[in-house]
Amino acid sequence: MLNNKPIGIFDSGYGGLTVFRSIADQLPQYDYVYLGDTARAPYGNRSFSAIHQYTWECVQQLFKMGCPLVILACNTASAKALRTIQQQDLKTEDSSKRVLGVIRPTAEVIGNYTKTNEIGVLGTKGTVQSGSYLLEIEKFSPELKVYQQACPLWVPLIENGEHDKPGADYFVKEYLDQILAQSPHIDTILLACTHYPLMQDKIQAYLPKHIQTVAQGDIVAKSLIDYLQRHPEMEQSITQNGTQQFFTTTDDTADFDLHATSFFGAPVKSQSIVTKG
Ligand code: DGL
């Protein structure tokens, strides 16, 4: 186990498990380490410097655990921290290490889902304010009209296990009404936060039938398959014993495991870890 070179998967909390689930389904052979910074989640309303600092601490932790490749399975961290990590922080590390995000792979393919060329992007305040989706989608599908809506209360509802309860419905409807009011031609809603697939059924139920929701898990998994094919040196450096380890920055691992199991769709047994310092 000590010699494992796993793929690291990071999120502020539980949401990245929706991405990890797709990745593990499609690439079960590799070793994986998941790290959720549950003690400091949600990230969505935090400052740029806090999100960058927390994300980099967690990435370094995953590097220490032997990961040659880390996926930021978090849109907020991808929007606010990825560029600085790739352009500055990684220079201080072994030059073979890589960190990838979830925004670019999603922006590359989202144009394939819409017929009206008008899409809605739902994300955290941080993701929406960064404008990252507008910039990235413009590069790949300049013909698309993109409307955004921040949904700041959805991640706290999910992190606290309240999303399935009737009280969550008010906030689901509230943000959907706001995005739909921006254009009557939207036919595709991108769930640009890895937590939101947990509420996908509820979100879909409040949308008119002709509007589809798109979650990122399978998109990111396919993009990872493609990346590993294009980078055989990275692919060969990752060990293939099919192990999965889960870490959380909270000390209540029992609570993490309870929620994480429903996000991941399989039993999760986590260990607590401190990332600071
Ligand atoms: N899963 C994260 C994302 O994709 C949620 C961020 C948060 O912690 O607010 O943006």
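All ligand and atom numbering here is 1-based and tracks the order in the structure. In this text, all values refer to a predicted model and were calculated from it rather than measured experimentally.
For Phe247 and Tyr34, the ring centers sit 6.0 Å or farther from each other.
When heavy-atom distances to ligand 1 are checked against a 4.0 Å cut-off, Asn45 has no atom that comes that close, whether in backbone or side chain. Only the side chain of Ser12 comes within 4.0 Å of ligand 1, counting heavy atoms alone; its backbone N, CA, C and O stay farther away.
Close approach of ligand 1 to Gly44 (heavy-atom distance below 4.0 Å) involves ligand atoms 7 (C), 8 (O), 9 (O). Each of the following atoms of ligand 1 lies closer than 4.0 Å to a heavy atom of Thr124: 6 (C), 9 (O), 10 (O). The distance from ligand 1 to the heavy atoms of Cys193 drops below 4.0 Å at these ligand atoms: 1 (N), 2 (C), 3 (C), 4 (O), 5 (C), 10 (O). Those atoms of ligand 1 that come under 4.0 Å of a heavy atom in Asp11, given as number and element, are 1 (N), 2 (C).
Counting protein heavy atoms only, atom 5 (C) of ligand 1 is closest to His195 ND1, 3.4 Å. For atom 2 (C) of ligand 1, the nearest protein heavy atom (residue, atom name, distance) is Cys74 SG, 3.3 Å. Ranking the protein heavy atoms by distance from atom 10 (O) of ligand 1 puts Thr76 OG1, 2.6 Å first. At the shortest separation from atom 3 (C) of ligand 1 among protein heavy atoms lies Asn75 N, 3.3 Å. Considering only non-hydrogen protein atoms, atom 7 (C) of ligand 1 sits nearest to Tyr43 N, 3.2 Å.
Using bins of under 30°, 30° to 60° and over 60° for the plane-to-plane angle, the ring pair Phe63/Trp56 lands in the perpendicular bin.
In this model, a donor atom of one side chain and an acceptor atom of the other lie less than 3.5 Å apart for Asn75 and Tyr133.
Checking side-chain atoms of Tyr30 against main-chain N and O of Pro6 turns up no donor-acceptor pair under 3.5 Å.
Annotation: cation-pi geometry not satisfied between Arg21 and Phe264 (NZ/CZ under 6.0 angstrom from ring centroid, within 45° of ring axis).
Here CG of Leu176 is found 6.5 Å from CG of Leu122. Values are rounded to the nearest 0.5 Å.
Within 6.0 Å of NZ on Lys115 lie no more than 12 heavy atoms contributed by other residues, nucleotides or ligands. Shown here is Lys145, whose NZ atom has no more than 12 heavy atoms of other residues, nucleotides or ligands within 6.0 Å.
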